[in-house]
Participant: 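I have a structure I would like to understand better, so I am pasting it below and will then ask my questions one at a time.
All heavy atoms count here, side chains included; hydrogens, waters and symmetry mates do not. This chain uses plain numbering: 1 for the first residue, then up along the sequence.
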Amino acid sequence: MVKVARWSSSGETKAGFIRDGNCYALPADGDVNTLLAAGLTDTLITAERLFQQSPAVPLTEVTLLAPLVPASIRDFVAFEEHVEGVRKSIDGAAGVVPEWYEAPTFYFTNPHTVRATGETIGIPVGCTELDFETEVAAVIGFVPGSDGRNLSASEAADHIFGYAVFNDWSARDLQRREMRVSLGPCKGKDFASTLGPWIVTADEFEGFHDPEGFLPISMAVEVNGQHIGQDLLSNMGWPFAELIAYASRDSVVRPGDVLGSGTCGSGCLAELWGRNGDKTPPPLQPGDTVRMSVEGIGTIENTVGARREAVTRVPARQRPRNRSRQGNAGVGGAL
């Protein structure tokens with residue numbers, strides 16, 4: 001199995017490959033984004049060379065970092081069961097809106113706040129309902145001759161460099177207010193996402209897809225050692241190839257882009273709140289540990305830190321809606 005990763009060792013950031021519990025570093029001028037730009041075929045060749053030539057460093061002696069600095073992050077909402085439960089929790093409405101079935105839906109989140117397994121995730125200002133979202137992310141790599149535009153599903157499948165576990169941390173109370181404005185989420189989501197522990201290259205899953213292109217791998221999440229939820233990635237409404245093709249429609253996907261599956265069924269607290277009719281299990285608190293595992297990929301774990309205390313919300317001013325300036329003065333003096 002080839003795992004592409006970034007890590008810190010003796011104060012230095014390195015990138016390369018992990019196999020059998022050992023790390024094999026790229027030369028100093030190489031990083032994961034360089035591998036993504038080269039594409040999967042060249043990356044696998046580079047990996048085999050490094051396994052023979054690069055000194056092995058035990059994984060236990062390094063600190064894993066987020067496996068890449070994403071160019072962008074699109075996060076889909078591809079699990080019907082999740083949509084059903086969260087809609088009840090956020091909007092108080094039952095069922096799934098018909099529009100969900102018509103085409104995939106995603107939002108762009110913040111590539112600059114990606115965190116690694118093992119990091120502490122602080123609670124954002126004003127949040128009292130911190131939640132997690134259990135997801136798988138597909139990472140885009142270079143394909144010779146492709147500009148990443150208007151891809152078919154079969155073409156999009158070739159652009160999948162590999163997969164990682166993805167936790168889309170969510171401030172549900174902030175998100176609830178934002179989405180009443182019919183836009184967002186924004187501050188309810190953009191404070192942190194965990195990606196890792198590494199990228200498992202797509203070739204490791206060849207032959208494991210079902211006839212429709214879905215990956216039947218298990219996803220699970222626990223809080224403080226207590227099982228919360230479990231699902232199969234194949235319960236998505238669309239396979240990853242179709243999500244990527246849709247993202248590329250009249251647009252472009254590029255090496256380093258990350259596309260999240262959306263939360264699996266029972267993969268977050270808000271979904272369970274909607275189904276249970278109350279906040280059971282309770283929102284995350286400082287000191288809680290969230291652990292997510294995906295079959296064939298790995299495990300990420302983070303501990304919740306303290307809530308940042310500040311005043312950041314700025315109320316709107318009620319403006320008079322004039323259509324012309326009052327008086328005769330113009331910009332820079334009299335007209």
Side-chain angles (χ1 to χ4, degrees), residues 75 77 79-96 107 109-110 113 115-136 165-180 184-196 218-231 235 260-294 299-313:
D75 197 12
V77 55
F79 287 83
E80 181 184 29
E81 184 177 354
H82 170 73
V83 174
E84 185 179 66
V86 169
R87 186 177 184 227
K88 182 69 173 176
S89 175
I90 298 292
D91 299 332
V96 178
Y107 81 102
T109 192
N110 193 347
T113 55
R115 312 292 288 276
T117 184
E119 288 194 55
T120 297
I121 307 298
I123 303 175
V125 170
C127 171
T128 61
E129 297 180 12
L130 183 65
D131 196 359
F132 51 83
E133 294 196 333
T134 309
E135 308 189 26
V136 169
V165 188
F166 185 55
N167 182 355
D168 181 30
W169 295 92
S170 302
R172 296 301 186 191
D173 40 357
L174 306 187
Q175 178 187 1
R176 191 178 299 115
R177 180 196 65 80
E178 291 166 348
M179 298 190 76
R180 289 186 183 130
C186 50
K187 302 310 294 181
K189 293 279 193 175
D190 75 347
F191 59 95
S193 302
T194 301
L195 190 66
S218 179
M219 309 166 65
V221 60
E222 59 184 48
V223 176
N224 300 329
Q226 178 182 351
H227 177 78
I228 298 294
Q230 185 167 349
D231 200 3
N235 286 330
S261 64
T263 313
C264 66
S266 71
C268 72
L269 298 175
E271 180 186 330
L272 302 179
W273 298 341
R275 298 187 189 284
N276 295 334
D278 59 21
K279 290 186 177 62
T280 304
L284 297 172
Q285 300 296 323
D288 286 345
T289 296
V290 179
R291 181 181 175 89
M292 296 178 180
S293 299
V294 178
T299 297
I300 58 174
E301 182 176 300
N302 297 96
T303 298
V304 177
R307 179 182 295 104
R308 194 171 80 85
E309 301 297 341
V311 177
T312 61
R313 192 181 297 181

Participant: Do the side chains of R291 and E301 get close enough for a salt bridge, i.e. N-O under 4.0 angstrom?
Facilitator: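 A salt bridge is present here (some side-chain N lies under 4.0 Å from a carboxylate O).
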Participant: Does a side-chain heavy-atom distance below 4.5 Å link V304 with I121?
Facilitator: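 Heavy-atom side-chain distance check fails, nothing below 4.5 Å.
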Participant: Hey, could you give me the CG/CD distance between L174 and E129, rounded to the nearest 0.5 Å?
Facilitator: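 Reported value, rounded in 0.5 Å steps: 9.0 Å.
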Participant: With K189, which of D168, D75, D131 fulfils salt bridge (Lys or Arg N to Asp or Glu O under 4.0 Å)?
Facilitator: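 Only one option passes, and that is D168.
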Participant: List in chain and number order the residues that pass salt bridge (Lys or Arg N to Asp or Glu O under 4.0 Å) with D231, two or more places apart in sequence or in another chain; answer none if no residue qualifies.
Facilitator: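 Per chain and number, D231 pairs via salt bridge (Lys or Arg N to Asp or Glu O under 4.0 Å) with no residue.
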Participant: With rounding to the nearest 0.5 Å, note down the distance linking SG in C264 to CE in M292.
Facilitator: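 Those atoms lie 8.0 Å apart.
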Participant: With the side chain counted from C-beta on, respond yes when V83 and E80 share a heavy-atom pair under 4.5 Å apart, and no when they do not.
Facilitator: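 They are not in side-chain contact.
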Participant: Indicate the atoms forming the closest heavy-atom contact of R172 with W273, along with that distance.
Facilitator: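 Looking at all heavy atoms of both residues, the shortest contact is CG-CZ3, 3.9 Å.
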Participant: Distance-only check: which donor-acceptor pairs under 3.5 Å involve side-chain atoms of residues 280-287, not counting sequence neighbours?
Facilitator:
| unit_1 | atom_1 | unit_2 | atom_2 | d |
| --- | --- | --- | --- | --- |
| T280 | OG1 | D278 | OD1 | 2.8 |

Participant: Using a 3.5 Å distance criterion without hydrogens, assess whether the side chain of T194 forms a donor-acceptor pair with backbone atoms of T117.
Facilitator: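 Absent.
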Participant: Distance check, rounded to the nearest 0.5 Å: F79 atom CZ versus S261 atom OG?
Facilitator: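 Rounded to the nearest 0.5 Å, the CZ-OG separation comes out at 4.5 Å.
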Participant: Could you state the interatomic distance from CE (M219) to CG (N235), rounded to the nearest 0.5 Å?
Facilitator: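 M219 CE to N235 CG: 10.0 Å, rounded to 0.5 Å.
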Participant: Give the C-alpha distance, both sets of side-chain angles, the deciding distance and a yes or no for side-chain hydrogen bond (donor to acceptor under 3.5 Å, both in side chains) between S218 and Q230.
Facilitator: CA-CA 7 Å; S218 179; Q230 185 167 349; 3.0 Å; yes
Participant: Using every non-hydrogen atom in the two residues, find where T113 and D190 come nearest and quote the distance to one decimal.
Facilitator: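 Closest approach of T113 to D190: OG1-O, 3.0 Å.
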Participant: Please find the pair of heavy atoms, one from N302 and one from W169, that lie closest to each other, and give the distance.
Facilitator: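 Residues N302 and W169, closest heavy atoms: CB-CZ2, 3.6 Å.
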Participant: Treating T289 as the side-chain partner and N224 as the backbone partner, does any N or O pair qualify as donor plus acceptor under 3.5 Å?
Facilitator: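 Looks like no, no N/O pair under 3.5 Å.
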Participant: Restricting to non-hydrogen atoms, name the atom on E135 and the atom on G262 that form the minimum distance, rounded to 0.1 Å.
Facilitator: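 Of all heavy-atom pairs spanning E135 and G262, the closest is OE1-N, 2.9 Å.
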Participant: Between E178 (side chain) and P185 (backbone), is there a donor-acceptor pair under 3.5 Å?
Facilitator: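 Checking the backbone N and O of P185 against the side chain of E178, no donor-acceptor pair under 3.5 Å is found.
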Participant: Of all the heavy-atom pairs spanning R307 and P124, show the shortest one and how long it is.
Facilitator: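 Minimum heavy-atom contact is CG-O, 3.8 Å.
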Participant: For F191 and T109, run side chain to side chain contact (heavy atoms under 4.5 Å, CB included): C-alpha distance rounded to whole Å, both residues' side-chain angles, the deciding distance at 0.1 Å, then the answer.
Facilitator: CA-CA 9 Å; F191 59 95; T109 192; over 6 Å; no
Participant: Would you find a donor on one side and an acceptor on the other, under 3.5 Å apart, between the side chain of N167 and the backbone of E133?
Facilitator: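 Looks like yes, one N/O pair under 3.5 Å.
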Participant: Quick one: does E119's side chain have a donor or acceptor within less than 3.5 Å of a partner on A116's backbone?
Facilitator: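 Judged by distance alone, yes, a pair lies under 3.5 Å.
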Participant: Within the distance-only criterion (no hydrogens, no angle test), does the side chain of R87 pair as donor or acceptor with the backbone N or O of H82 below 3.5 angstrom?
Facilitator: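 No, because the side chain of R87 does not come within donor-acceptor range (under 3.5 Å) of the backbone of H82.
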Participant: Is E271 reaching over with its side chain to a backbone N or O of S266, donor-acceptor style, under 3.5 angstrom?
Facilitator: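 Here the side-chain-to-backbone pair exists.
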Participant: List for me each residue that meets side-chain contact (heavy atoms from CB on, under 4.5 Å) alongside R177, sequence neighbours excluded, and say none if there are none.
Facilitator: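 Residues passing side-chain contact (heavy atoms from CB on, under 4.5 Å) with R177: R313.
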Participant: For the residue pair C268 and F132, what are the closest heavy atoms and their distance?
Facilitator: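 For C268 versus F132, the nearest heavy atoms are CB-O, 2.9 Å.
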